[in-house]
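Throughout, a chain's letter reflects where its sequence line sits, starting with A, and its residues are numbered from 1.
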Amino acid sequence: MTIPVSSGPEHDDEQSLPEQYRVRLAKRDRMLAEGREPYPVAVPITHTIGQVRAAHPDLEPGAETDDVVGVAGRVVHLRNTGKLCFVTLADGAGERLQVMLSLAEVGEESLDSFKADVDLGDHLFAHGKVISSRRGELSVFADTWQLAAKALRPLPTLHKESSEETRVRQRYLDLIARPAAREMVRVRSAVVRSIRSELHERGFLEVETPILQTQHGGAAARPFVTHMNAYDIDLYMRIAPELFLKRAVVGGIERVFELNRIFRNEGADSTHSPEFAMLEAYQAYGDYMSIANLTRELVQAAALAAFGTTEVTLADGTSYDVGGEWPQLDMYTATSEAMGMTISPETPLDQLMAHADAAGLQINPAHVIPGKVAEELFEHHVGDHLWEPTFVMHYPVDNSPLVRAHRSRPGVVEKWDLYVRGFELGTGYSELVDPVVQRERFEAQALLAAKGDHDAMRVDEDFLEAMEHGMPPMGGMGMGLDRLLMALTGLGIRETILFPLVKPR
RNA sequence: GGGCCUCUAGCUCAACUGGCAGAGCAGCGGACUUUUAAUCCGUGGGUUGUGGGUUCGAGCCCCACGGGGCCCA
């Protein structure tokens with residue numbers, strides 16, 4: 001990538017460039033012309049800003065040390081008092097260190113070119129003694145300095161937060177300007193790391209399964225479709241890793257998980273992103289209860305890893321505790337209590353529809369089956385109001401085609417959904433392992449698909465064949481990582497994703 | 001998909017009832033050897049998201065379109 005000297009991107013005439021861009025471009029050109037490198041390949045750093053700060057936690061005002069260091073960072077403040085300049089450098093973690101450049105120490109030529117060349121936003125290298133200023137600010141008293149990288153565009157004002165749009169379109173600016181944006185990255189990384197290590201400690205193996213699939217499945221969702229030229233076939237981007245992870249369990253990987261990206265061709269709003277990160281884990285000889293415990297432990301460990309406590313404080317200042325045991329609600333019982341009348345798996349469709357009408361719910365015509373309507377009633381009357389972590393158990397069989405029937409109760413399956421702060425954070429099953437029943441469930445789904453339900457699954461012969469070779473009983477769970485971050489921070493999904501999809505301008 | 005809010009200088013935002021488009025920071029020129037968003041003097045910078053319309057006159061009112069945010073489905 002080479003940008004021709006004296007011209008900016010997509011601008012033929014310099015007049016159309018912002019003034020500050022032209023000024024900085026001219027500085028770059030002048031440096032090159034005078035034999036100074038605006039983008040050196042390396043600068044001789046000896047310490048990070050954090051290391052310098054850590055080595056001198058409480059230097060007396062005016063103190064000098066014999067420590068000579070080379071540091072670099074982004075220029076976030078510039079103050080020029082004539083024969084003495086103060087620069088504040090910031091590193092990626094937001095740690096700051098002052099550099100002082102005096103006429104006496106660096107000489108006139110060097111100080112003049114510093115004033116002429118260096119702007120806010122540039123990356124700067126400085127070499128010199130570690131001292132404390134008269135006001136007690138830890139500083140590097142420079143004997144030499146060098147530009148590490150010239151910025152052509154000005155830094156946004158650091159005293160105000162970026163606008164909502166800049167935050168999502170230019171996250172790098174958000175990260176520079178807003179500590180909370182950097183904190184989100186730290187929290188997310190801590191949570192991911194915690195989940196992985198907790199699972200590894202319990203003997204789970206992490207695997208990677210196909211993202212490009214010839215047949216999508218494992219969830220009720222509409223996929224992205226793409227095309228492979230070499231084979232001239234359409235491929236689907238996965239909506240869930242479930243069917244491949246279960247194949248792995250058939251093959252003897254008895255504790256397996258995957259933590260990676262899922263794609264769903266649905267709306268984008270403050271709780272939905274077309275691509276998002278999901279954890280799925282399967283445990284042979286476990287069931288929906290053992291996997292519920294695992295899920296609770298993962299969430300609690302994640303909170304501890306990120307915040308050092310299970311008491312979670314959200315962006316709006318409210319807090320709640322994810323520690324301890326979590327309540328379990330029976331879906332039909334809780335819904336019946338909230339509605340003041342009894343519904344059950346035996347309640348006929350027309351009665352359920354009457355309840356839905358009474359509640360003002362509009363049911364998608366493709367979803368007019370008893371189980372879906374009952375679930376809609378649950379979400380409206382109960383789910384939306386569940387704030388503390390709660391397992392909702394025993395869903396209708398109709399829309400849970402991969403879950404086994406409850407061992408003793410007719411009409412429901414051994415499934416839970418985990419609700420936090422009014423949304424669904426995760427789900428867990430006693431997985432269906434009978435290939436004959438699985439085939440019947442797929443066929444029922446295919447019928448729905450034929451009736452126009454884009455979310456319905458298809459008959460997956462390859463998966464059925466794997467099952468037919470003997471799938472051990474197992475518990476399985478899935479949890480949206482972005483949603484976990486939302487639950488732990490109280491932020492919208494686009495704040496939890498570093499670079500969310502944004503429509504082109 | 002529906003509703004509400006929003007889009008103005010590089011950034012963050014003002015602009016009364018429709019009447020000369022402004023501020024802070026950033027920039028440019030100058031002064032200053034201990035500043036902390038330094039201070040002081042001087043100064044440049046605008047296709048008000050896009051396209052139409054109403055009007056003597058539109059950042060402001062109307063219509064359409066686009067982007068972002070929030071709420072609902």
Side-chain angles (χ1 to χ4, degrees), chain A residues 8 11 14-27 59-64 75-90 96-108 110-112 114-122 131-142 151-174 176-178 266-273 315-316 356-357 359-365 367 376 379-380 384 422-423 490-495 500-505:
Chain A
H11 287 85
E14 283 198 30
Q15 289 309 306
S16 66
L17 288 167
E19 180 202 17
Q20 298 189 47
Y21 191 105
R22 293 198 307 269
V23 168
R24 286 156 180 256
L25 204 53
K27 290 179 180 180
L59 222 48
E60 291 294 310
E64 290 196 21
V75 176
V76 293
H77 290 301
L78 260 179
R79 292 175 287 274
N80 170 9
T81 68
K83 299 185 177 63
L84 181 64
C85 292
F86 299 88
V87 202
T88 303
L89 302 184
R96 297 181 170 197
L97 183 64
Q98 179 167 275
V99 173
M100 296 164 64
L101 299 101
S102 78
L103 178 66
E105 189 69 18
V106 301
E108 187 168 2
S110 174
L111 191 64
D112 284 348
F114 176 84
K115 291 179 191 172
D117 293 346
V118 178
D119 288 303
L120 282 174
D122 293 349
I131 65 160
S132 173
S133 74
R134 274 182 210 166
R135 296 287 181 88
E137 182 77 31
L138 187 65
S139 307
V140 172
F141 196 64
L152 294 182
R153 295 185 189 272
L155 217 51
T157 179
L158 298 178
H159 317 300
K160 299 276 188 169
E161 294 190 345
S162 308
S163 64
E164 302 280 3
E165 187 160 359
T166 303
R167 283 195 202 180
V168 292
R169 283 196 192 276
Q170 294 177 282
R171 181 73 79 192
Y172 48 91
L173 294 180
D174 190 31
I176 292 168
R178 201 168 56 98
E266 296 167 350
D269 58 34
S270 54
T271 55
H272 296 83
S273 171
D316 64 5
D357 280 346
L361 297 175
Q362 292 177 344
I363 308 290
N364 179 334
H367 293 171
E376 295 263 359
E379 278 178 33
H380 177 75
D384 292 349
F423 62 80
L491 298 172
I493 196 166
R494 300 184 121 206
E495 298 276 351
L501 183 76
V502 195
K503 271 199 204 177
R505 250 198 267 257

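- Side chain of Lys503(A), nearest nucleotide from G68(B), U34(B), G27(B): G68(B).
- Pairing for C4(B) is with G69(B), a Watson-Crick or G-U wobble pair whose two hydrogen-bonding atom distances lie under 3.5 Å.
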Could you run down nucleotides 37-42 of chain B 5' to 3' and tag each one B, S or - for protein heavy-atom contact under 4.0 Å?
BB----

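- Among the nucleotides G68(B), A26(B), G27(B), the one closest to the side chain of Pro154(A) is A26(B).
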Derivation of the salt bridge (Lys or Arg N to Asp or Glu O under 4.0 Å) call for Lys83(A) and Glu105(A):
CA-CA 10 Å; Lys83(A) 299 185 177 63; Glu105(A) 189 69 18; over 6 Å; no

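- For A23(B), the paired nucleotide is U12(B), the pair qualifying as Watson-Crick or G-U wobble because both relevant distances are below 3.5 Å.
- Ala104(A) comes within 4.0 angstrom of a base, heavy atoms only.
- Out of C28(B), G67(B), U34(B), the shortest distance to the side chain of Arg134(A) is found at U34(B).
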Between N or O atoms, less than 3.5 Å apart, protein on one side and nucleotides 69-73 of chain B on the other: list the pairs.
{"unit_1": "G69(B)", "atom_1": "OP1", "unit_2": "Arg494(A)", "atom_2": "NH1", "d": "2.3"}
{"unit_1": "G69(B)", "atom_1": "OP2", "unit_2": "Arg494(A)", "atom_2": "NH1", "d": "3.3"}
{"unit_1": "C71(B)", "atom_1": "OP2", "unit_2": "Ser270(A)", "atom_2": "OG", "d": "3.3"}

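- Ser163(A) comes within 4.0 angstrom of sugar-phosphate atoms only, judged by non-hydrogen atoms across all strands, and of no base.
- With sequence neighbours excluded, no residue forms a ring-ring contact (aromatic ring centres under 6.0 Å, His included) with Phe86(A).
- Note on Lys83(A): a side-chain N or O is less than 4.0 Å away from OP1 or OP2 of U33(B).
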